[in-house]
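Note that the structure is a prediction, hence the values are computed from the model and not measured. Reminder, nothing fancy here: chain letters follow the sequence lines and each chain counts from 1.
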Amino acid sequence: MNLTAGLNPAQKEAVTAPFGPVLILAGPGSGKTRVLTHRIAYLVSELNVFPFRIMSVTFTNKAAKEMRARVEKILGEDLRGILMGTFHSTCARILRRESADLARLGYSKDFVIFDSDDQRSVIKSALKELNLDDKRFQPSKMLNSISGAKDKMITPDFYEASDYMSTVIKRIYDQYQRTLVANNAMDFDDLLLNTVRLFDLVPEVLAKYQQQYQHILVDEFQDTNSVQYGLLTRLAGQHKNLFVVGDSDQSIYKWRGADFRNIQKFRDEYPSAKQILLEQNYRSTQLVLDAAMAVIEKNPERVHKQLFTDRSGGAQIVMREAYNENEEAEQIVRTVAGENRRGRRSYGDFAVMYRTNAQSRALEEAFIREGVPYKLIGATKFYGRREVRDIIAYLRVVHNLRDEVSLRRIINVPTRGIGAKTIEKLLAWGNQLDVQAGEAVIKLATDPTIALPFKGRALASLMRFGTMLNGWVRARDEITVGELVQRILDETNYKSYIDDGTDEGTDRWENVKELLGVAKDAGEIALTEFLENVALVADVDDLEGGSNSVTMLTLHASKGLEFPVVFITGLEEGIMPHSRSMTDAEEMAEERRLFYVGLTRAEDQLFLSHTLRRSLYGMSEMSTPSRFLGDIPSNLVEGGNKLSERHAAAQNRAWSWDQSATTQPKRATSSTYGSYGKRSDFAEKRAAQKAARGSWESQKSAMSQRDLPKPRHLSEDRDTPTVAAQYKSGQRVKHAKFGEGIVIESKITRNDEEVAIAFSEHGIKRLSASFAKLEVIG
DNA sequence: GGCTCATATTTTTTT
DNA sequence: AATATGAGCC
C-alpha cells in the first residue's frame, strides 16, 4: 500500500517523518487532516506498531469520529488499538479506568460532569453560603478566575490572595471546589486537571499510559491550553513521539485558556523536533487567499506566511449592505435559491456564518419562509433547554446520588410539595447521618427504623419521592437508558407538568420526546456513558438535514470545515469584531483571526454582508461596517471596495433615519419582511421545516436538484429591484425639513430607493424615498 | 408552599 | 426578545 501517493513533498515528509517530536505548521486548506490520517495509517502499517498504541487527540468528538472513519477506510481494518477523541473525553476515560486511584482525589468512578450551567449554580450557592453579593462578585467572573487558576494548575490552597478581591475569590474557589467534590462532580477543567494530578500522584498510572500510547498525535495544537500541554508532555514523556499540527493564525479559543504560544513552547522544549511547513492550499481560489492574507497580515507580531494555490483567479468577493438583519437574510436566501434554481449550485454548497448564535434567528426565519432547507450547527443548545435539563438531572441523580445540584433541581419538579425549607432540613439531616443528597431521601423513604425530623405533608411528599428514586436506582442497571427515561416520565407525570396545552408547552413536550428518542437510540449503553455523551458531545443538536441543505454556523464552529460558497454576515463594529473585544489588542487580534478562519473556509466564493441597523437585546440600533471589511483590497471586490464611502454614508443615514422616525410612521416591517410573532410560532415553523426535510430526504432520489420546493415569492433574481426609481441626479427637490436641494445620486435598494441630496443649508444627506417626503420642483 | 406579575439581566465564541 | 429572579399574595 502506498500511503504517500498523491501527496506533495511537504505532506509526504510529514507522513513519513521519523519517530520523535514533530511540529507541523499547516496553513488553512493545506490538507492537514489528510496528513494526520495518513500518518496514523503509516504508523500502523509501515512500521508495524502493534498493538497499535496510538492516541490521537482532535478538537471535537465529531472530528475524531470522522478521522477514525477515514483511517479505517485507508487501512480497511478495524482500529480498536487507536484511541481517538477530544482531550476531555480521553481524560474522562482515563479517570474512570483508574477509579481505584481516583478515590485519592475524592472521586468515585460514577462522577458526573458539570457543565457551565451547573457551575453557575454551584458558584451561586457558594456565594450564598459565604454571604457575598452576586453583583459585586459576578458568577461568570468568578468562574473565569477559577478556570484561569485551574489552567495554571493552582488549587484553592495555593491561590494567591494578594488583595481583597483575590482573597474573596480564593474563598469562593475553595467553596466551589469542595462542593464539586462533595457532589462527586467535575467541571470541564477538572477532567483535564485531575488526570494530570493523578499522573503526578501515581507515577505507575502515568507509566502505564506512557507505555500504552507510544505515539500521540494532536490536531489544532494552537488551541491547547497549558493543562492540555502538560498532559501531552507527560504522556509522551517516555517515547517522545509527539506529532502536533497547528496554525497560530487559526487560534480562536484564547478565551477558553488556549494559548498558541504552546507552539513556541513545544519548539523550545523539543529543540530536536522536526518542523514541517504546509503552505500550499488545496481549498480556495487565489483570490480568496489574497483576501484572507490581506486581513491576517494586519495582525501584529505575526510570522509571515505565503499561502498559495494552483487555483489562480477566482470569483470576486461580493460585499453587500442591507437595511437590517432581516433584509440581510433575504438577500442571502435569494442568492442561494437563485443559484440553486439555475442549477449552478446545490444547497449543500452554501454556508452562512455569523459571530454570535443569536444571529441565526433572522436567517432561519428567512430560510423557513422561502422553503430553503438548512441545517443549524450548535445553536440554541438542545441540552440547554429547561425541560431537557430536568430529565438529565433526574438521570444524574439516579446515576450519582451525591449530585446535590441536580437533586435540588428536580426534587420539586414537577411540584410535589417539597419547598426550600424542607430541602434544607432534609440535607442538614442527611449531613448528620453522613449521607449525601439523594442517599438521604432514599434512606428516609426506605428505613423505617430511623427517626425523622419531618411530619405531615412534607414527610408524605418526601416519602413518595424517595420511593420513586429508590425504584429507579434499583432498576438502573437492569433496564436501558430509554426505559429509565420512560419510567421517570411516567412516574413523575412529567407530561402534564410541562405540556400545559399552550403552543409553548407542546413545544417543550416535543423536546422531551426528542430526548427520549435519543435515549432509546442509545440502546444498551450504560447510564455513565450516556451522561458523558450528553456532557461532552455537543453536536447531537445539529439539525442533520441531509447533505443537501445550507449550513448555518458560528465562525467558531466553522473551523476545520470547507464550503464552495461562504456568506459571512453581520460584519459590523460591535458584532464582528465583537464589542467585548474592543478594548484589548490581543482580543482584537483574535477577532481578526476568527474572521480569517471564516474567509478561508470558502473554496470558490465569498459574500460579506453588513447592515445599517441591527436588533440587539430587542432594540434596534444603528451599526457601522466592520473595520475588517476595509482591509479587503478593492481589486478583489466586485465593483470595488466601497467601504469608506459606505462608512460615511452610514453615518449620514443614521442621522436621516432617526430624523424620519420622528416625523414619519414606522416602516411597515410586517408587510415587508413578514411578521414573526412569538417563540412558539417560530418553533412551529422550525418543526415544519424539519418535517419537510424528512420528506425531501425520502424523495431526493426521485427528485432532481432543480425540482426542490420552489421559493414562494422570491423567485426573482437576487438584485431585481421591486421599486422603480423616482429621482435622478440633477433634479431639484424640496424636503419638509431640509428645504431645497439637488439630487446627486439615486440608488435602488431592495424595496426602496435611496436618494443622496445636496441641500443648500444642510449639506449632503442620504434619504429613503419611501420615508422622506420629497417634492420635485424642477 | 406555590403561583403570578413585575423587574432585571442578558450574549461572544465551546469542551 | 427571552429568560431569570424577586416580591407579593393566596
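Note on ring orientation: taking the six-membered ring where Trp is involved, the planes of A/Y374 and A/F367 are perpendicular (angle over 60°, cut-offs 30° and 60°).
A/T506 and A/D499 make their closest contact through N-OD1, 3.5 Å (heavy atoms, listed as atom of the first residue, atom of the second, distance).
Residue A/Y617 contributes atom OH, which lies 16 Å from atom P of C/dT3 at whole-angstrom precision. Put simply, CZ on A/R580 is 11 Å from C1' on B/dT13, counting in whole angstrom units. Rounded to whole Å, atom C1' of B/dT10 lies 11 Å from atom NE2 of A/H578. The nearest whole Å value for the distance from the CG atom in A/N194 to the P atom in B/dT15 is 21 Å. The CG atom of A/D117 sits 13 Å away from the P atom of C/dT3 (whole-angstrom rounding).
The phosphate of C/dT5 (OP1 or OP2) has a side-chain N or O of A/R120 nearer than 4.0 angstrom. Checking the phosphate oxygens (OP1, OP2) of C/dA2, a side-chain nitrogen or oxygen of A/R361 falls inside 4.0 Å. One finds a side-chain N or O of A/K135 lying less than 4.0 angstrom from the OP1 or OP2 phosphate oxygen of B/dT9. The side chain of A/N225 contributes no N or O atom lying less than 4.0 Å from OP1 or OP2 of B/dT15. Phosphate contact (OP1/OP2 of B/dT13, side-chain N/O of A/N357, threshold under 4.0 Å): present.
The listed nucleotides are B/dC3, C/dA2, B/dT13; the one nearest the side chain of A/T554 is B/dT13. In this structure, of B/dT10, B/dG1, B/dT13, it is B/dT13 that holds the atom nearest to the side chain of A/W255. Candidate nucleotides C/dT5, B/dT14, B/dC3 were compared by shortest atom distance to the side chain of A/K124, and C/dT5 ranks first. In this structure, the nucleotide among B/dT14, B/dT9, B/dT15 sitting nearest to the side chain of A/T60 is B/dT15. Out of C/dA2, B/dG2, B/dT15, the shortest distance to the side chain of A/N412 is found at B/dG2. Comparing B/dT9, C/dA4, B/dC3 by their closest approach to the side chain of A/T415 singles out B/dC3. Among B/dT14, C/dA1, B/dG1, the nucleotide with an atom closest to any side-chain atom of A/Y253 is B/dT14.
Atom name P, nucleotides B/dT13 and C/dA4: the rounded distance is 16 Å, in whole Å.
Heavy atoms from other residues, nucleotides or ligands lying under 6.0 Å from CZ of A/R302 number more than 12.
Residue side chain A/F59 fails the stacking definition with respect to B/dT15, as its ring centre and the base's six-membered ring centre are not both under 5.5 angstrom apart and under 30 degrees in plane angle.
For the pair A/K421 and A/S89, both in contact range of DNA chain B, the more 5′-proximal nearest nucleotide belongs to A/K421. Looking at which nucleotide of DNA chain B each of A/A358 and A/I423 is closest to, the 5′-most match is held by A/I423.
With A/F260 as the aromatic partner, A/K254 does not meet the cation-pi criteria of under 6.0 angstrom to the ring centre and within 45 degrees of the ring axis.
Side-chain atoms of A/N412 come within 3.5 Å of backbone atoms of A/R416 as a donor-acceptor pair (strictly under, hydrogens ignored).
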